[in-house]
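Working notes, structure below.
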Amino acid sequence: MPRSARATSIALVLGSIVSVQSGAAAATTLFGRVGPAGAVLLRTVFAAVALGLLWRPSVHGHSRRELRLVAGLGLALAAMNLSFYASLDRIPLGIAVTFEFVGPLGVAIARSHRPGDLVWVGLAAAGIALLSPGIGGSIDALGVGFALLAGVFWAAYILLAAGVGRAFERGDGLALAMALSALVLVPGGIAGGGSELVDPAVLGVGIGVALLSSAIPYSFELEALRRLPEGTFGVLMSLEPAVAALSGYAFLGQSLAARELVAIALVVVASAGALGTAEAPAPVEA
């Protein structure tokens with residue numbers, strides 16, 4: 001691969017990470033008006049509309065197995081994003097993503113089966129242990145629980161997205177899954193956001209969040225994966241917790257203690273090491 005093409009692909013992945021975490025920071029500004037459930041509903045609805053217009057998917061012509069995969073992916077998307085936004089309502093962005101990243105890290109280690117990966121497990125455990133003393137004190141325990149739950153569903157998303165990607169040649173599967181995810185989130189989103197959901201200012205931010213968190217990163221990652229090996233892609237994606245901490249500081253004024261920064265760094269190193277050797281799909285966040 002030419003150096004220029006590789007550099008462009010790496011820039012696209014990094015741009016995707018910055019876009020996702022900027023979208024998460026923007027979403028938190030909606031919590032005071034529509035709550036986490038309302039914010040995730042807006043993001044998912046607009047993302048579903050964009051993907052639907054792009055791919056114009058249909059349920060016809062697909063087997064029951066393929067549709068079951070789509071249904072599983074849609075439910076995983078809804079649960080992952082709702083849990084993650086609920087965690088953001090209680091704990092800083094960088095810490096939330098660090099705990100959430102345990103999900104894809106676990107998938108990578110489970111797929112590798114290399115004895116040396118115990119080193120990455122140890123580093124990740126050390127990072128989590130450094131964050132743990134704050135739980136119940138400076139870190140909200142329920143927020144941590146939501147972030148870990150989001151990590152579980154992120155792991156499920158990785159496995160289901162791999163199956164959907166193999167079953168559907170285009171983006172139809174993702175579009176259908178996103179539409180189902182939006183439908184699942186409607187009751188809770190309406191209950192949490194009410195009439196505020198149709199406020200023009202709220203809708204404007206919601207569209208921005210959908211673009212930053214879904215449309216832009218999906219496009220960047222798809223183009224990058226045309227050139228980069230999945231292992232390289234996964235290692236780059238392990239920067240998510242660090243970029244999340246920077247986004248939280250830059251956009252939300254969320255400063256972190258030295259212990260918390262060291263903990264995030266340990267998880268980033270562990271993730272990079274595990275993802276670099278694992279035989280698993282790259283952990284793309286929805």
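Positions are given from 1, in the same order as the sequence printed here.
In this structure, Phe101 has its ring center under 6.0 Å from that of Trp154.
Atoms CE and OG, from Met178 and Ser214 in turn, are 5.0 Å apart once rounded to the nearest 0.5 Å. Here the CG-CG distance, from Leu30 to Asp89, works out to 11.5 Å after rounding to the nearest 0.5 Å. For the atom pair CG (Leu176) and CG (Leu69), the distance works out to 12.0 Å, reported to the nearest 0.5 Å. Rounding to the nearest 0.5 Å gives a distance of 10.5 Å between CD of Glu196 and CG of Leu203. Separation of atoms CD1 (Ile95) and CG (Leu256) is listed at 5.0 Å; rounding is to 0.5 Å. Of the inter-residue distances, the one linking Ser83 atom OG with Leu148 atom CG reads 10.5 Å to the nearest 0.5 angstrom.
Between Val97 and Phe84, the closest side-chain pair of non-hydrogen atoms falls below 4.5 Å. Annotation: side chain of Ile10 is in contact with side chain of Leu236 (closest heavy-atom distance under 4.5 Å). Using a 4.5 Å heavy-atom threshold, the side chains of Tyr157 and Leu77 count as touching. Contact check for Leu42 versus Val209: no side-chain heavy atoms found under the 4.5 Å cut-off. Contact check for Ile128 versus Val102: side-chain heavy atoms found under the 4.5 Å cut-off. Counting only heavy atoms from C-beta outward, the side chains of Asp172 and Ser58 never approach each other to under 4.5 Å.
The two residues Gly189 and Leu197 have their closest heavy-atom pair at O-CD1, 3.5 Å. Here the closest heavy-atom approach between residue Leu252 and residue Ala25 is recorded as CD2-O, 3.7 Å. Heavy atoms only, all atoms of each residue included: Pro57 and Ala175 are closest at CG-CB, 3.6 Å. When every heavy atom of Ala96 is checked against every heavy atom of Ser87, the shortest pair comes out as CB-OG, 3.7 Å. In this structure, Ala270 and Ala124 approach most closely via the heavy-atom pair CB-N, 3.6 Å. For the pair Ala147 and Ile91, the tightest heavy-atom approach, listed with the atom from each and the gap, is CB-CD1, 4.3 Å.
Its side chain outside the 4.5 Å cluster rule for every partner, Leu183 clusters with none of the Ile, Leu, Val, Met, Phe, Trp and Tyr residues. Applying the under-4.5 Å side-chain rule to Ile, Leu, Val, Met, Phe, Trp and Tyr, the cluster around Val184 extends to Leu75, Leu180.
Each of Val268, Val267, Leu105, Leu266 was evaluated against Leu123; a single residue qualifies, Leu266, per the side-chain contact (heavy atoms from CB on, under 4.5 Å) test.
Thr44 places no side-chain N or O within 3.5 Å of a backbone atom of Ala182 that could act as its donor or acceptor partner. Panel note: side chain Ser181, backbone Ala177; no donor-acceptor pair is recorded below 3.5 Å. The main-chain N or O of Ser16 is never found under 3.5 Å from a side-chain atom of Ser19 such that the two would form a donor-acceptor pair. Of the possible polar contacts, one joining the Glu66 side chain to the Ser63 backbone as a donor-acceptor pair under 3.5 Å is found. Glu260 places a side-chain N or O within donor-acceptor distance of the main-chain N or O of Ala257, the cut-off being under 3.5 Å. Formation of a donor-acceptor pair under 3.5 Å by the Thr29 side chain with backbone atoms of Ala26 is found in this model. Ser213 places no side-chain N or O within donor-acceptor distance of the main-chain N or O of Ala210, the cut-off being under 3.5 Å. Side chain of Gln254 to backbone of Leu93: a donor-acceptor contact under 3.5 angstrom is found.
Using a 4.5 Å cut-off between side-chain heavy atoms of Ile, Leu, Val, Met, Phe, Trp and Tyr, with links allowed through other members, Ile264 and Phe146 fall into different hydrophobic clusters. In the hydrophobic clustering of ILVMFWY residues, with side-chain heavy atoms under 4.5 Å counting as a link, Val40 and Ile190 come out together. By the rule that hydrophobic residues join a cluster once side-chain heavy atoms approach within less than 4.5 Å of another member, Leu211 and Val34 end up as members of one cluster. Under the 4.5 Å side-chain heavy-atom criterion for ILVMFWY residues, no single connected hydrophobic cluster contains both Val152 and Ile158. Phe251 and Ile207 are not part of a single hydrophobic cluster, where members link through side-chain heavy atoms under 4.5 Å apart.
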Report task. Take Leu174 and Val164, measure what side-chain contact (heavy atoms from CB on, under 4.5 Å) needs, and give me the verdict at the end. Result -> CA-CA 7 Å; Leu174 176 61; Val164 169; 5.6 Å; no
Report task. Show your reasoning for whether side-chain contact (heavy atoms from CB on, under 4.5 Å) applies to Phe99 and Leu131. Result -> CA-CA 9 Å; Phe99 279 112; Leu131 289 177; 3.7 Å; yes
Requested in this report: Could you please spell out the steps behind the side-chain contact (heavy atoms from CB on, under 4.5 Å) verdict for Met80 and Glu100?
Outcome: CA-CA 9 Å; Met80 176 182 69; Glu100 185 195 26; 4.2 Å; yes
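In this structure Phe46 satisfies the ring-ring contact (aromatic ring centres under 6.0 Å, His included) test with no other residue, sequence neighbours excluded.
In this pair, Phe168 and His62 present their aromatic rings tilted. The plane angle is within the 30 to 60° band.
By the neighbour-count criterion of 12 heavy atoms within 6.0 Å, atom CZ of Phe31 is densely surrounded, having more than that number from other residues, nucleotides or ligands.
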